[in-house]
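Data first, discussion second: the structure below is written as structure tokens.
Within every chain, numbering begins at 1; the chains are lettered A, B, ... in the order of the sequence lines, protein sequences first and strands thereafter.
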Amino acid sequence: MALPKRYSKEIEEKWQRVWEERGIHGFNKDSEKPTFVIDSPPPFTSGKLHMGHVLSYSYFDFVARFKRMKGFNVLYPQGWDAQGFPTEVKVEKKYGRLPKEEFRKKCIEFSNEMIKNMKKQMKAMGFSPDWRFEYVTTSPSYHKIIQLSVLEMYEKGLIYREKHPVLFCPYCSSAIAKAETEEKEEETTLYYIEFEYEDGQKKKPLIIATTRPELLHACVAVVVGKKYEKLDGKTAITPFGKRVKIFHDKDVKEEFGTGAVMVCTYGDKQDLVWQKRYKLDVVEGIDKRGKIKNSPFYDGFSIKEARKKVIKALEEKSKIIKKEKIKHTVKIHDRCKKEVELLPSMEWFAKVREHKEKIKEIAKKVKWVPSFTISHLFHWIDSLDWDWVISRDRVFGTPIPFYVCECGEVRAVEKEKLPFYPENAEKIVCKCGKEMKPEEKVFDVWIDSSVTPLIISGWKVDEELFSKTYPNSLRPQGVEIIRTWAFYTLYRCFFLTGEIPWKEILLNGNVLGVDGKKMSKSLGNVIDPDELLNNYSADAIRQWAAMSGVLAKDRPFSYEDINFAKQFLNKLWNASRFIEIALEGALEGEERISEVDVKELEEVDKWILIELEELIKDLEKRMESYDFRNYIVELQNFVWKKFCDFYIEYVKWRVYSGKKKREAQYTLYIVLSAITRALFPISPHISEEISSVVLKNQKTITELGWMSIEVGLTKEEKEKIKERVEMLNKIISEIRNYKARNQLSLKEELERVTIHSPIEISSVIEEIKNVGRVKEIELKSSNELRVEF
RNA sequence: GGGCCCGUAGUCGAGUGGUUAAGACGCCACCCUUACAAGGUGGAGAUCCCAGGUUCAAUUCCUGGCGGGCCCACCA
């Protein structure tokens with residue numbers, strides 16, 4: 001068996017099969033080796049990986065493969081975050097409205113389909129999770145652990161149910177968390193509306209400015225700035241005749257609008273502040289589907305319709321003094337992109353506000369890579385002023401394991417009865433005598449994903465595994481979900497176990513379009529992983545990922561990088577083909593080659609081994625600190641610039657002539673062995689192929705392990721050798737330069753060359769003659785290198 | 001308004017308190033060399049954003065601008 005002329009996809013598929021058949025990536029529960037546990041992100045089951053996945057999943061696959069080679073027992077699971085709104089939308093589109101239970105079944109079916117394709121893509125990329133540890137957030141066993149985890153938090157007093165204004169998406173008809181909102185700049189109209197106030201017996205006009213006239217019926221006060229300070233305590237009358245109090249308040253911005261504001265429950269967060277400050281009534285002006293309620297005239301109309309009608313009515317009464325176009329920012333729901341409202345609603349909460357400092361403390365115990373990313377978390381924590389709303393009015397989610405009663409009583413489901421599903425819950429009776437209802441809401445999906453370290457470690461399922469694998473070693477994730485995934489995981493896992501979830505967290509940025517902008521369909525700059533997989537080998541794509549490895553920073557996708565990776569692999573492939581020829585017959589027994597003593601080696605052999613030793617030591621440090629970029633760049637430079645450009649050229653004549661051939665073979669063997677193993681974490685398929693075919697290894701590289709190099713020479717000897725061979729390299733460059741200047745072929749033979757060298761270089765004279773194609777060489781000593789032709 | 005990251009050839013980007021500031025892509029010229037034209041060799045191309053400061057010495061450290069990106073807050 002010999003290397004084919006070209007590296008191909010078939011080779012990659014072959015090795016993916018071999019790894020799977022031999023169970024190379026399996027975690028061994030009974031092993032005595034140290035464990036390394038990766039809390040890999042479960043992607044949302046959209047059906048397709050995006051470039052961000054390709055990048056970040058490559059990162060931790062590098063780590064997993066490296067750690068296995070270093071003798072760790074690696075637990076690298078793969079999960080799927082299947083529940084959530086986008087799936088509901090798609091399933092509803094396909095099947096229409098269905099009863100809850102059936103609908104949930106269809107959602108599961110649908111997400112399983114999505115998983116199939118994503119799994120296929122992951123395998124094609126050569127990712128190496130242990131598929132026996134696969135988990136899906138839709139499974140009853142997953143639900144059970146999630147419900148159990150919340151019940152334990154409930155017991156610790158961290159969970160409560162309350163009517164409280166929450167961010168609410170009328171389109172999705174569900175409460176959402178602050179972390180699920182985005183901002184959108186919008187043009188809107190600021191209406192100047194005439195109210196009146198009572199000044200003694202007289203009524204005088206008072207102009208307020210608002211963007212939300214449809215909430216006029218929910219107006220519970222007017223607050224005024226300095227300009228109207230003297231109106232404090234007086235009564236205002238809305239155009240529809242409602243009487244409300246006037247307060248003077250420092251939070252009114254004088255320069256905006258008129259300096260007088262109507263407070264509606266709730267138009268925005270400021271209204272909530274004032275409502276609390278002045279203990280105002282709450283008028284629920286909008287219902288959960290975004291329809292007006294509690295209005296004398298407009299109940300049942302949508303916000304937009306109501307706004308039009310109110311404006312029309314006000315205009316008829318000449319109460320609109322002015323209209324002004326302004327730009328302002330509104331909060332929108334990140335999933336549906338629709339405007340979010342603030343509505344009082346009975347929801348479940350997790351206490352985070354009172355534990356802000358504690359969570360920060362926990363976060364500090366984790367090593368953040370790169371370190372500045374912890375500030376993203378701190379900044380987020382500092383800005384939190386509400387607890388985490390953990391309930392959602394959706395179907396495709398983990399049911400909340402509680403019963404609730406009209407009287408306000410709640411009761412936790414018994415742990416033995418988990419997983420809990422409201423549709424087949426048993427009937428129970430409340431203290432008040434009424435029947436309690438099983439809670440119909442489901443959990444926020446971040447409740448599902450914020451305990452992945454516990455899930456993969458077998459929390460409450462396998463105590464032995466848990467003690468071995470928790471805290472996890474590494475959490476890789478994107479910067480943009482620090483405020484959600486990282487934050488919620490730190491919070492939940494700590495309060496459940498008293499320990500940090502993982503020792504290190506590794507942050508990756510986003511992959512932008514080639515144009516440097518966020519990939520989006522509308523910009524047409526989306527790169528599809530499937531398309532890359534059709535045009536490039538997985539090993540080249542993985543190498544692109546490593547080259548893009550500036551951590552926690554967004555980076556445009558680069559065809560230059562991926563093409564360079566492809567060319568590099570081609571270079572290595574061809575070098576290996578040469579070595580295959582060079583080693584013919586030399587690998588009958590590995591011992592024969594390893595017998596060679598360093599002392600017998602030629603100067604150039606020693607040189608490349610010294611360089612290799614330095615490289616390998618460096619690479620270990622690079623990988624330990626997750627510096628993938630410099631890892632691959634250094635490896636590429638060594639292989640291309642030192643090994644191929646010089647060393648291989650230096651030994652060709654020996655290989656062909658037979659002179660000192662064994663030493664050359666030995667050196668080629670060692671170098672190729674070490675570099676295939678060093679390349680393995682990044683580009684595993686090509687490394688396996690070369691290792692197996694050229695180096696005749698029966699074992700896979702994972703089994704062979706990392707290859708350390710120790711050259712048995714003193715520091716001084718090494719320095720001298722490097723000095724002389726670097727001089728040789730310069731001389732060869734000079735000769736090549738001379739030939740290029742004179743438009744000669746590099747093959748052209750030179751009659752005679754005089755070399756003025758500052759150091760003694762007679763030990764490399766054969767290389768100069770054979771590689772430079774020089775018949776006769778005269779050596780002279782000099783202060784500076786000079787080559788005369 | 002606050003915080004964080006960043007500014008280095010046409011483009012992308014390493015890196016450094018001290019000789020001549022990597023490398024890649026692109027460009028130009030030459031070479032079909034028995035591993036490789038998906039290659040090789042050589043070359044051109046940089047005010048290291050601007051202004052101050054610290055220092056014997058700043059592209060690097062500090063301050064302030066300017067420009068870009070991300071996150072957060074506010075906007076009745």
Discussion item. Taking 4.0 Å as the cut-off, does a side-chain nitrogen or oxygen of Q567(A) come that near to OP1 or OP2 on G39(B)?
Written reply: yes
Fill in: Candidates G2(B), A22(B), U33(B) - which lies nearest the side chain of L746(A)
U33(B)
Worksheet item: Given the P atoms of G10(B) and U63(B), what is the spacing between them in whole Å?
Response: 30 Å
Discussion item. Any strand counts, and the cut-off is 3.5 Å on both contacts for Watson-Crick or G-U wobble. Which nucleotide pairs with U55(B)?
Written reply: none
Worksheet item: Taking all non-hydrogen atoms of both residues, which atom of V511(A) and which atom of M51(A) are closest, and how far apart?
Response: CG2-O, 3.6 Å
Worksheet entry | Given G13(B), G43(B), A24(B), the nucleotide with the shortest approach to the side chain of K641(A) | A24(B)
Item to complete: Quick one: sort the W573(A) and Y7(A) rings into parallel, tilted or perpendicular, breaks at 30° and 60°.
Response: tilted
Worksheet entry | d(NZ, K652(A); C1', G40(B)) in whole Å | 10 Å
Discussion item. Quick check for you: among G15(B), A38(B), U33(B), whose closest atom lies nearest to any side-chain atom of N630(A)?
Written reply: G15(B)
Worksheet item: Under 4.0 angstrom, heavy atoms only, what part of the nucleic acid is I208(A) near: base, sugar-phosphate, or nothing?
Response: nothing
Worksheet entry | Under-4.0 Å salt bridge between K226(A) and E229(A) | no
Discussion item. Using atom P in both nucleotides, what's the gap between A22(B) and G45(B) to the nearest angstrom?
Written reply: 13 Å
Worksheet item: Base, sugar-phosphate alone, or nothing: which one does W653(A) contact when heavy atoms must sit under 4.0 Å apart?
Response: nothing
Worksheet entry | Complement of A24(B), any strand, by Watson-Crick or G-U distances under 3.5 angstrom | U11(B)
Worksheet, complete the sentence: Among G42(B), A24(B), C36(B), the one nearest any side-chain atom of A740(A) is G42(B)
Worksheet item: Whole-Å distance between C4(B) C1' and D382(A) CG?
Response: 13 Å
Practice prompt. Provide the Watson-Crick or G-U wobble partner of G39(B), both distances under 3.5 Å; none if there is no partner.
Written response: C31(B)
Worksheet item: What interatomic distance, in whole Å, is found between P of U20(B) and the corresponding atom of C48(B)?
Response: 14 Å
Worksheet item: What's the spacing between F195(A) CZ and I208(A) CD1 if we round to 0.5 Å?
Response: 4.0 Å
Worksheet entry | Nucleotide A24(B), atom P - distance to CD of E560(A) in whole Å | 13 Å
Short heteroatom pairs, N/O only, protein and nucleotides 73-76 of chain B, under 3.5 Å:
residue : atom : partner : partner atom : Å
A73(B)  : OP1  : K178(A) : NZ           : 3.1
C74(B)  : OP1  : K269(A) : NZ           : 3.4
C74(B)  : O2'  : K253(A) : NZ           : 2.9
C75(B)  : N3   : T329(A) : OG1          : 3.4
C75(B)  : N4   : T329(A) : O            : 3.0
C75(B)  : N4   : T329(A) : OG1          : 3.0
A76(B)  : OP1  : D268(A) : OD2          : 2.7
A76(B)  : OP2  : H328(A) : ND1          : 3.2
A76(B)  : O5'  : T211(A) : OG1          : 3.3
A76(B)  : O3'  : A209(A) : O            : 3.1
A76(B)  : O3'  : T210(A) : N            : 3.2
A76(B)  : O3'  : T210(A) : OG1          : 2.7
A76(B)  : O3'  : T211(A) : N            : 2.6
A76(B)  : N6   : K253(A) : N            : 3.0
A76(B)  : N6   : K253(A) : O            : 2.6
A76(B)  : N1   : K253(A) : N            : 3.4

Fill in: Between P of G23(B) and CZ of F568(A), the distance in whole Å
17 Å
Discussion item. So does E748(A) get a backbone contact from the side chain of K739(A), meaning a donor-acceptor N/O pair under 3.5 Å?
Written reply: yes
Item to complete: Among the candidates C4(B), G39(B), G40(B), find the nucleotide nearest to the side-chain atoms of H376(A).
Response: C4(B)
Item to complete: Give the intermediate values and the outcome of side-chain contact (heavy atoms from CB on, under 4.5 Å) for residues I686(A) and T676(A).
Response: CA-CA 8 Å; I686(A) 195 171; T676(A) 46; over 6 Å; no
Fill in: Separation of the C1' atoms in G1(B) and A58(B), to the nearest angstrom
33 Å
Fill in: Spacing of the P atoms in C62(B) and A44(B) (rounded, Å)
35 Å
Worksheet item: Across all strands shown, which nucleotide pairs with U16(B) by Watson-Crick or G-U wobble geometry, both distances under 3.5 Å?
Response: none
Item to complete: Measure from the side chain of N574(A), starting at C-beta and using heavy atoms only, and say which of G13(B), C36(B), G15(B) lies closest.
Response: C36(B)
Worksheet item: Just how far is it from atom CG of L695(A) to atom CD of E689(A), taken to the nearest 0.5 Å?
Response: 11.5 Å
Worksheet item: How many Å lie between CG on D561(A) and C1' on G26(B), as a whole number?
Response: 14 Å
Please list each protein N or O that sits under 3.5 Å from an N or O in nucleotides 44-46 of chain B, with the distance.
none

Item to complete: Looking only at side-chain atoms of K747(A), point me to the closest of U33(B), C5(B), C36(B).
Response: U33(B)
Worksheet item: Going by atom types only, do D605(A) and Y647(A) share a side-chain donor-acceptor pair under 3.5 Å?
Response: yes
Discussion item. Measuring from the side chain of N570(A) (C-beta onward, heavy atoms only), which nucleotide among A14(B), G2(B), A38(B) has the closest atom?
Written reply: A38(B)
Practice prompt. Could you measure between the two P atoms, the one in U60(B) and the one in C70(B), and give it in whole Å?
Written response: 26 Å
Worksheet item: If you round to the nearest 0.5 Å, how far is NZ of K9(A) from CG of N535(A)?
Response: 9.0 Å
Worksheet item: When all nucleic acid strands are considered with a 4.0 Å heavy-atom cut-off, which category describes R741(A): base, sugar-phosphate, or nothing?
Response: nothing
Fill in: Counter-base of C4(B), judged by Watson-Crick or G-U geometry with both distances under 3.5 Å
G69(B)
Worksheet item: Contact class for C644(A) vs. all strands (heavy atom < 4.0 Å): base, sugar-phosphate, or nothing?
Response: base
Worksheet item: Between F628(A) (CZ) and A14(B) (C1'), how many Å, whole number?
Response: 18 Å
Discussion item. So that I can tick it off, tell me whether R773(A) and E749(A) are bridged by a salt bridge, with the cut-off set at under 4.0 angstrom between side-chain N and carboxylate O.
Written reply: no
Worksheet item: Pick the nucleotide of RNA chain B nearest each of H379(A) and R773(A); which residue has the one closer to the 5' end?
Response: H379(A)
Fill in: Minimum-distance nucleotide to F372(A) side chain [options: A14(B), C30(B), C5(B)]
C5(B)
Item to complete: Hey, can you tell me if W640(A) and F564(A) have their rings parallel, tilted or perpendicular (30° and 60° cut-offs)?
Response: parallel
Item to complete: Answer yes if the ring centres of Y626(A) and Y59(A) are under 6.0 angstrom apart, and no otherwise.
Response: no
Item to complete: Name the nucleic acid region contacted by E649(A), choosing base, sugar-phosphate or nothing; use a 4.0 angstrom heavy-atom cut-off, strictly under.
Response: base
Worksheet item: Are any side-chain N or O atoms of N630(A) and backbone N or O atoms of V633(A), one a donor and one an acceptor, separated by less than 3.5 Å?
Response: no
Item to complete: Can you figure out which of U41(B), C36(B), G13(B) approaches the side chain of P556(A) most closely?
Response: G13(B)
Worksheet item: Rounded to whole angstrom units, what separation is found between the CD1 atom of I581(A) and the C1' atom of C36(B)?
Response: 11 Å
Fill in: Rounded distance in Å between the C1' positions of U16(B) and U59(B)
9 Å
Fill in: Nearest-angstrom distance from the residue atom CD1 of I632(A) to P of G23(B)
18 Å
Discussion item. When the P atoms of U47(B) and U8(B) are compared, how many Å lie between them, rounded to an integer?
Written reply: 12 Å
